[in-house]
Amino acid sequence: FDTRITKLLNIKYPIIQGGMAWVATAELASAVSEAGGLGVIGCGAAPADIIKKEIQKAKEMTDKPFGVNVMLMSPFVDDIMEMLYEEKVSVVTTGAGNPGKYIEKLKNIGTKVIPVVPSVALAKRMEKVGADALIVEGTEAGGHIGELTTFTIVPQVVDEVDIPVIAAGGIADGRGYVAAVSLGAEGVQIGTRFVCSEECIAHIEYKNKIVNARDRDAIVTGRITGHPVRIIKNKFSKKLINLEKDISNKGEIDRLTIGSYKKAAIDGEIDQGSVMAGQSSGLIKDIKNCKNIIDDIIKESNKVQSYLCNI
Ligand SMILES: O=C(O)COc1ccc(-c2c[nH]c(CNC(=O)Nc3ncc(Sc4ccccn4)s3)n2)cc1
């Protein structure tokens, strides 16, 4: 499983855990890193001191590398970056924006910078401003998404950049890992699958909603506000879909969506909150610990690869 990603990040397997707001805490990140992947603490829209505490906790829970994911639409993004210049974590991933103005300072302190990009144009721009690698995320992913599928956007970016590509969006098992590598990726980022892990502090109702979800339950809302977000169908999503019939509800939709993720993910109000999850929800049938999640991906990918060698 040695790729430029395992070398760049000094990890055993090129499996990155998605840094999801609220639920990607030190417990989850350290469990993934201990299991040989890269655990990632999710900043979401939290203030810098809260994230600093999570980083300290992770440093006590594992000696292995872990990362921090910065959601660039957070009102606290500048404070978070200032704190990260001090903390010197090994990896920073970014989402929902362009991290161009922070990359140089992070790289100067030895932090690897890996932006999530949903398109070729942004991928080329990020390579030009010094990204160490790219997480190329397909529309299958949960939360804030682009419009292109993993299957099509990953090879197009691989063809256009020289830095390593990590595929994300819809990957939850060994088949997805092997498929991503076939498309030219040198690693995968996995989010929804890790929400349904024992170590993740997400509410059990949120985990069960994902486990019980079927193939067509992870729908997209917010396209009309310019912030498409993939969530699992529930009473709340039906309310959003109704509001979307009238563009004048734009502000209300955004406010409802961002503010209500905690309600589902932490408080377990899975009918009245936004249950952010990807289309891989239909593949996820159990809740298991991070070591088993990673070991099962590796075992299944070995099986798939030996099968591929014989066809
Ligand atoms: O062109 C530019 O300046 C930036 O363009 C981009 C557009 C999209 C992305 C992107 C897509 N996916 C990701 C990584 N994933 C995510 O960021 N997932 C998220 N889930 C919930 C979030 S909170 C939120 C934020 C906005 C609206 C609603 N909710 S952020 N980044 C990255 C860059």
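Counting convention: from 1, in listed order, for ligands and their atoms alike.
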Please determine, by modelled atom types, if N242 and K245 share a side-chain donor-acceptor pair under 3.5 angstrom. yes
Region of M276 that comes within reach of ligand 1 [heavy atoms, distance under 4.0 Å]: side chain
Does ligand 1 have any atom sitting under 4.0 Å from a heavy atom of P118? yes
What protein heavy atom sits nearest atom 2 (C) of ligand 1, and how far off is it? L122 CD1, 4.2 Å
Is the closest heavy atom of V117 to ligand 1 under 4.0 Å? no
The option among H227, E147, R230 carrying the non-hydrogen atom nearest to atom 27 (C) of ligand 1 is H227
With the side chain counted from C-beta on, respond yes when K101 and D78 share a heavy-atom pair under 4.5 Å apart, and no when they do not. yes
Classify the side-chain pair T149/T152 by whether it contains a donor and acceptor separated by less than 3.5 Å. yes
Give me the residue, atom name and distance of the protein heavy atom closest to atom 3 (O) of ligand 1. N98 CB, 3.7 Å
Using a strict cut-off of less than 4.0 Å between a Lys/Arg side-chain nitrogen and an Asp/Glu carboxylate oxygen, indicate whether E244 and K250 qualify as a salt bridge. no
Looking only at protein heavy atoms, what sits closest to atom 26 (C) of ligand 1 is M73 SD, 3.3 Å
Does CD in E252 sit with more than 12 non-hydrogen atoms of other residues, nucleotides or ligands closer than 6.0 Å? yes
Around atom 10 (C) of ligand 1, find the nearest protein heavy atom and jot down its residue, atom name and distance. A96 N, 3.7 Å
Selection from G191, G97, P99 by shortest heavy-atom distance to atom 4 (C) of ligand 1: G97
Nearest to atom 20 (N) of ligand 1, what protein heavy atom do you find, and at what distance? H144 N, 2.9 Å
Is the shortest side-chain heavy-atom distance between I166 and P14 below 4.5 Å? no
Would you please say whether a donor-acceptor pair under 3.5 Å links the side chains of Y13 and Y177? no
Going by heavy atoms in the side chains, are F194 and C200 under 4.5 Å from each other? no
What is the nearest protein non-hydrogen atom to atom 11 (C) of ligand 1, stated with its residue, atom name and distance? E137 OE1, 3.5 Å
Name the closest protein heavy atom to atom 14 (C) of ligand 1, giving the residue it belongs to and the distance to 0.1 Å. V116 CG1, 3.5 Å
Side chain proximity check, E87 to K59, heavy atoms < 4.5 angstrom: yes
Starting from atom 28 (C) of ligand 1, locate the nearest protein heavy atom and write down its residue, its atom name and how far away it is, to 0.1 Å. V229 CG2, 3.5 Å
